[in-house]
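Everything on this sheet refers to the single structure shown next.
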Amino acid sequence: MAKDHVKDHKKRKHDNEEEVLKSSDSLEPKKKKDKKHKKDKKHKKDKKEKKDKKEKKNQEGEKDSIKENVEEQTNNLQKKTSSTGEYVESPELSSIPQSEIDNFFTENEANVEDPLKLNFRPLLSFDHISLEKNIQKEISKFPKPTPIQAISWPYLLNGNDVIGVAETGSGKTFAFGVPAINRLLTFPSSSSNGSNNGIKVLVISPTRELASQTYDNLVVLTEKVGLQCCCVYGGVPKDAQRAQLKKSQVVVATPGRLLDLIEEGCCDLSQVNYLVLDEADRMLEKGFEEDIKRIISNTPSHGRQTLMFTATWPKEVRELASTFMNSPVKVSIGNRDELSANKRITQIVEVIAQPEKERRLLELLKKYQSGAHKDDKVLIFALYKKEASRVERNLKYRGHNVVAIHGDLSQQQRTQALNDFKKGKSNLLLATDVAARGLDIPNVKTVINLTFPLTVEDYVHRIGRTGRAGQKGTAHTLFTDLEKHLAGGLVNVLNGANQPVPEELMKFGTHTKKKEHSAYGAFFKNVDLSKKPKKITFD
Ligand SMILES: Nc1ncnc2c1ncn2[C@@H]1O[C@H](COP(=O)(O)OP(=O)(O)OP(=O)(O)O)[C@@H](O)[C@H]1O
């Protein structure tokens, strides 16, 4: 069919060329009687040619002006779109049969709660959206939008508040990042001074490492479009951050340092019109909640778009979240109302006696890092800083090339360790939950939970450091009776991802105490053993 099209095109081109030739032939005189006549004729011919040329030029001019007109119309449309801030669906997307759209929702177990009934269609391809050309180019290096990007972008470009809940490693950073920068470019007048001066986009992250990684993702976009992005977190000098804040429109920050700088008067958030809480449930937990409230109180309450993105969205933070948002659209991929893990991760849970754990860890390292797998990256989670330091020392003593990230290390040591692990200088990283959320480390093959985290949500985030962007991975967890109150929640997660549940784990019972929130109390629930997972595809 494509061939036919080319043939047809060639034939039409040939016919057209022949026609042009014929028409120019017909301008030549057939017989010339004398020189003068010839001269006259030549003169006439030149004149005619000049006239034709002029006409052609006029025609071309007309074409140009039509083109300009179209461009002007497009610009006007963009201006219209940006001045009203409304998203306009592309004709290509509108022409897709509804059945294809329905399939997309079913295949991805996608669900949208759309209180304003906007009913935007998901973007099935990057061609279904018209972003600033440099951003479009950058993002088009991926084959197509991930489901969370596909569904949330239209709402975000439309200016709506969005809660985005999707599995670990499913592209949530660009899901909130791309519309942030694009809206900043097409809708600068949304600020009170009508310009792009001042901080417009603020992303808040729970850890320094995640803030830094998000910054790395966003700066790729901002530097291509002439905007300034900076990253603000503790443990490093403030001077450079103060200077960068003055000239940045996009800021990624951890709460503590951001508040410090606000209190010093070095950070003005009064122009922020796009606020993101990344790892939102963590940010709304006791511990961060007060900081977040103070930060938000420094941003405008009107005209601010507020976004919350996470892989886990426990009921106990939802009410609090709603107090910061305005008719939010909730986009969830997979059955996110129940706590669920990425289904491409093989989960192995081993119930073990507490004193046996470190010996078992050595065996597991042999298992996961031997033979063809000797260079595979393994991430080990401990619960406490002291535990992490001790195990790191032991592993080093036994000849393992291990690096560590935990709160007792300087920021420089933490950054160095993460870089070494990312680049493969070391294939073993020992971390506390400071590395549980958000970190996108290429090719982590296995996560070992030496000590179970304090919540099952943290378990889901920890194991999500493997199996990212469509890859597979393994999570091996050592579970002791000290964590038995979390057994039920873990059983639910295992069942939800169709993973084997060890008998010993079932013995701890299925009643589970869920996370507790200072304002909303504890939540209890029973294990649902009937639940079966559905497969989610990811290109
Ligand atoms: N459209 C896309 N197609 C394929 N890969 C993508 C796409 N968008 C982003 N990615 C890649 O997917 C990986 C995971 O993305 P990201 O770190 O944003 O995940 P996440 O959903 O925020 O995970 P977490 O819940 O752990 O924070 C990154 O390496 C990113 O570059």
Side-chain angles (χ1 to χ4, degrees), residues 104 108 110 122-129 131 135-153 156 162-181 203-207 209-221 252 276-283 307-313 331-334 336 339-345 377 379 381 418 422 431 433-444 447 453 457-473 475 536-539:
F104 175 91
N108 294 296
L123 310 169
L124 305 189
S125 138
F126 287 123
D127 296 338
H128 291 160
I129 190 94
L131 299 165
I135 298 181
Q136 187 97 25
K137 196 171 158 202
E138 188 56 37
I139 197 75
S140 298
K141 68 186 181 193
F142 296 119
K144 63 178 183 184
T146 64
I148 187 72
Q149 295 164 356
I151 301 181
S152 60
W153 280 357
L156 290 172
V162 169
I163 298 168
V165 192
E167 68 180 17
T168 50
S170 61
K172 293 189 287 293
T173 314
F174 280 139
F176 63 72
V178 167
I181 314 298
V203 180
I204 311 183
S205 299
T207 64
E209 283 76 12
L210 181 55
S212 169
Q213 177 185 295
T214 303
Y215 164 80
D216 289 343
N217 277 288
L218 298 190
V219 79
V220 171
L221 304 177
V252 186
V276 185
L277 298 194
D278 192 13
E279 306 297 341
D281 53 333
R282 177 85 186 93
M283 306 310 306
L307 288 70
M308 308 229 175
F309 275 75
T310 181
T312 52
W313 195 231
V331 179
S332 47
I333 312 295
R336 312 308 303 183
L339 180 60
S340 51
N342 173 334
K343 294 174 180 90
R344 288 178 311 278
I345 304 169
K377 281 185 195 165
L379 170 52
F381 279 103
L418 187 57
K422 274 189 176 172
D433 284 290
V434 78
R437 283 178 177 254
L439 293 191
D440 186 48
I441 305 165
N443 302 320
V444 174
V447 170
E457 277 82 359
D458 288 342
Y459 168 80
V460 168
H461 286 277
R462 276 185 181 187
I463 69 170
R465 296 319 97 208
T466 185
R468 300 180 70 75
Q471 309 263 38
K472 287 184 178 156
I536 299 179
T537 52
F538 188 116
D539 280 305

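Every number for a ligand or one of its atoms is a count from 1 in the order of the listing.
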Rounded to the nearest 0.5 Å, what's the gap from [atom1] on [X] to [atom2] on [Y]? Could you check?
X	Y	atom1	atom2	result
K172	D278	NZ	CG	8.0 Å
I129	L123	CD1	CG	5.0 Å
N342	R344	CG	CZ	4.0 Å
Q149	K144	CD	NZ	11.5 Å

Show the atoms of ligand 1 that are less than 4.0 angstrom away from any heavy atom in [X].
X	result
E279	27 (O)
K144	1 (N), 2 (C), 3 (N)
T146	1 (N), 2 (C), 3 (N), 7 (C)
E167	21 (O)
T173	16 (P), 17 (O), 18 (O), 22 (O)
G169	14 (C), 19 (O), 20 (P), 21 (O), 23 (O), 24 (P), 25 (O), 26 (O)
S170	19 (O), 20 (P), 21 (O)
R465	26 (O)

Should the proximity of [X] to ligand 1, defined as any heavy atom under 4.0 Å, be assigned to the side chain, the backbone, both, or neither?
X	value
Q149	side chain
T168	both
R468	side chain

Are any of the N or O atoms of H461 closer than 3.5 Å to those of ligand 1?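 Such a contact does not occur with ligand 1.
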Tell me, please, which residues at least two apart from R465 pass side chain to side chain donor-acceptor pair (under 3.5 Å).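 In terms of side chain to side chain donor-acceptor pair (under 3.5 Å), with neighbours along the sequence ignored, R465 is linked to no residue.
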Who passes side chain to side chain donor-acceptor pair (under 3.5 Å) against Q213, sequence neighbours left out?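 Residues passing side chain to side chain donor-acceptor pair (under 3.5 Å) with Q213: none at all.
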Going by side chain to side chain donor-acceptor pair (under 3.5 Å), T312 matches just one of R282, H461, E279, E457. Which one?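 With T312 as partner, R282, H461, E279, E457 yield a single side chain to side chain donor-acceptor pair (under 3.5 Å), made by H461.
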So that I can tick it off, tell me whether D281 and R437 are bridged by a salt bridge, with the cut-off set at under 4.0 angstrom between side-chain N and carboxylate O.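 Salt bridge between R437 and D281, a charged N being under 4.0 Å from a carboxylate O: yes.
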Among V162, T173, V203, L277, find the one that has a side-chain contact (heavy atoms from CB on, under 4.5 Å) with F309.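 Filter result, single survivor: V162.
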Option of least heavy-atom distance to atom 21 (O) of ligand 1 (set: R462, K172, Q213, R437):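 Checking each option, the heavy atom nearest atom 21 (O) of ligand 1 is found in K172.
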G464 near ligand 1 by a heavy-atom separation under 4.0 Å: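 No.
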